[in-house]
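Worksheet for the structure shown next.
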Amino acid sequence: MLTFHNVCSVPSSFWLTGIPGLESLHVWLSIPFGSMYLMAVVGNVTILAVVKIERSLHQPMYFFLCMLATIDLVLSTSTIPKLLGIFWFGAGDIGLDACLGQMFLIHCFATVESGIFLAMAFDRYVAICNPLRHSMVLTHTVVGRLGLVSLLRGVLYIGPLPLMIRLRLPLYKTHVISHSYCEHMAVVALTCGDSRVNNVYGLSIGFLVLILDSVAIAASYVMIFRAVMGLATREARLKTLGTCASHICAILIFYVPIAVSSLIHRFGQCVPPPVHTLLANFYLLIPPILNPIVYAVRTKQIRERLLQIPRIEMKIR
């Protein structure tokens with residue numbers, strides 16, 4: 001590490017503290033975090049396997065669900081193994097490039113996930129408001145292109161964040177990051193230079209992704225509800241709305257933790273640092289855990305395929 005004026009330095013690596021203020025509980029915290037990560041991996045891999053095996057699920061909604069499962073695996077795997085290494089072995093050291101790479105993966109795939117939710121809202125809108133054209137509008141090619149656009153948007157939006165840090169802010173006050181992973185604001189707060197451009201860009205991207213995507217999703221559901229209210233019978237209305245229930249639950253699971261964590265980070269100066277860090281980890285873990293559960297409970301084909309597994313095992317025995 002090169003040091004200038006004994007104040008600022010050019011680090012070759014950073015040190016992640018894990019959950020600051022709860023260092024004495026790290027070993028115990030590894031139990032719930034390890035269990036949640038295992039649940040997330042098993043649940044999402046199961047969703048991917050079931051959709052691949054069950055041909056009746058080869059539909060746009062479930063292809064989008066597979067994209068969500070893949071994104072959730074990336075988000076949880078980019079943070080939790082390192083966190084468990086900190087808990088178990090005190091392995092907090094992370095290289096500068098690895099830190100920026102982790103930052104890119106987290107923010108990029110969170111942006112991609114928001115885009116997939118928007119694409120799923122479009123799928124529900126077409127399926128309910130224009131059902132006769134659904135199979136023509138949302139072909140496999142279109143679904144793939146929507147997923148690719150969401151990925152490219154994430155790369156284009158988030159790519160400049162680590163680049164601006166690398167090129168514009170090479171000097172740091174300390175190499176210790178009081179966090180469990182390389183979150184953008186946590187890294188920028190350590191820099192010695194003028195970070196206003198980074199802060200403004202980060203806030204602008206957050207606004208574009210969270211606010212505009214959520215507004216677009218809300219608008220699609222307003223049109224969906226208007227179409228549903230026009231159906232003749234109460235049973236038809238409930239059945240149609242039931243096809244949206246899983247998507248609505250998944251949206252709430254994704255957006256609510258992010259909104260709460262962001263609000264506390266911006267305005268919760270009185271909130272203890274461990275709460276900030278725990279919430280930041282939970283919003284990366286809660287969707288990967290709950291999304292497979294929500295879709296397994298709400299989707300008949302997935303539920304039936306999962307119930308067949310123990311029966312097959314009993315026959316084998």
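Below, each value reflects all heavy atoms present in this structure, side chains not excepted, and no hydrogens, waters or symmetry copies.
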Give the minimum heavy-atom separation between [X] and [Y], together with the two atoms involved.
X	Y	answer
Val143	Pro60	CG2-CB, 3.7 Å
Pro81	Ser76	CD-O, 3.6 Å
Gln102	Cys182	OE1-N, 2.8 Å
Glu183	Met185	OE1-N, 3.0 Å
Leu75	Leu105	CD2-O, 4.2 Å
Ile86	Ser180	CD1-O, 4.2 Å

Are the aromatic ring centres of His247 and Tyr221 under 6.0 angstrom apart?
yes
Are the ring centres of Tyr283 and Phe254 closer than 6.0 Å?
no
Using the side-chain contact (heavy atoms from CB on, under 4.5 Å) rule, take Arg153 and Thr111 through it: C-alpha gap first, then chi angles, then the decisive distance, then the call.
CA-CA 8 Å; Arg153 186 185 74 150; Thr111 303; 4.2 Å; yes
May I ask you to decide if [Y]'s main-chain N or O and [X]'s side chain share a donor-acceptor pair within less than 3.5 Å?
X	Y	result
Asn130	Val126	no
Gln59	Leu57	no
Ser30	Val27	yes
Ser9	Pro11	no
Thr139	Ser135	no

Give the cluster check for [X] versus [Y]: same hydrophobic cluster or not, with ILVMFWY residues linked at side-chain heavy-atom distances below 4.5 Å.
X	Y	answer
Val222	Ile224	no
Val294	Val41	yes
Met103	Leu208	no
Leu48	Ile293	yes
Leu83	Leu25	yes

Look up atom [atom1] in [X] and atom [atom2] in [Y], then write down how far apart they are to the nearest 0.5 Å.
X	Y	atom1	atom2	value
Leu152	Cys108	CG	SG	9.5 Å
Leu22	Phe87	CG	CZ	8.5 Å
Cys129	Met223	SG	CE	7.0 Å
Lys52	Ile47	NZ	CD1	15.5 Å
Leu16	His179	CG	NE2	9.5 Å
Asn281	His276	CG	NE2	13.5 Å

So do the side chains of [X] and [Y] get within less than 4.5 Å of each other, counting heavy atoms only?
X	Y	value
Met61	Arg124	yes
Leu68	Met120	yes
Val197	Arg168	yes
Leu84	Phe89	no
Pro257	Leu279	no
Cys99	Val187	yes
Met67	Ile116	yes
Leu284	Ile80	no

How about [X] and [Y]: does a side-chain donor come under 3.5 Å of a side-chain acceptor?
X	Y	value
Tyr181	Ser78	no
Asp72	Asn291	yes
Asp123	His134	yes
Tyr201	His184	no

When you look at Ser13 and Leu96, which way does the side-chain contact (heavy atoms from CB on, under 4.5 Å) test go after all the steps?
CA-CA 5 Å; Ser13 64; Leu96 174 59; over 6 Å; no
Assess whether a salt bridge exists between Arg166 and Asp97, defined as any Lys/Arg side-chain N lying under 4.0 Å from an Asp/Glu carboxylate O.
yes
Looking at Lys82 and Asp93, is any side-chain nitrogen of the basic one under 4.0 Å from a carboxylate oxygen of the acidic one?
no
Before you tell me yes or no, could you show the steps for Phe33 and Phe282 under side-chain contact (heavy atoms from CB on, under 4.5 Å), namely the whole-Å CA-CA distance, both residues' side-chain angles and the distance that decides it to 0.1 Å?
CA-CA 9 Å; Phe33 275 96; Phe282 285 151; 4.0 Å; yes
State which residue, out of Leu290, Ile289, Asn44, fulfils the side-chain contact (heavy atoms from CB on, under 4.5 Å) condition with Met39.
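Only one option passes, and that is Ile289.
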Under the side-chain contact (heavy atoms from CB on, under 4.5 Å) rule, what do Tyr172 and Phe14 come out as? Steps first, then yes or no, please.
CA-CA 10 Å; Tyr172 294 82; Phe14 292 105; 3.7 Å; yes
Take a 6.0 Å sphere around CZ of Arg303 and say whether it holds more than 12 heavy atoms from other residues, nucleotides or ligands.
yes
Is it true that, when you exclude Arg133 itself, more than 12 heavy atoms of the residues, nucleotides or ligands shown sit nearer than 6.0 Å to its CZ?
no
Show me the side-chain donor-acceptor pairs of residues 156-165 shorter than 3.5 Å, one per line, residues at least two apart or across chains.
none

Describe, in one word, how the ring planes of Tyr255 and Phe117 are oriented to each other, choosing from parallel (under 30°), tilted (30 to 60°) and perpendicular (over 60°).
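Because their plane-to-plane angle lies in the 30° to 60° range, the rings of Tyr255 and Phe117 count as tilted.
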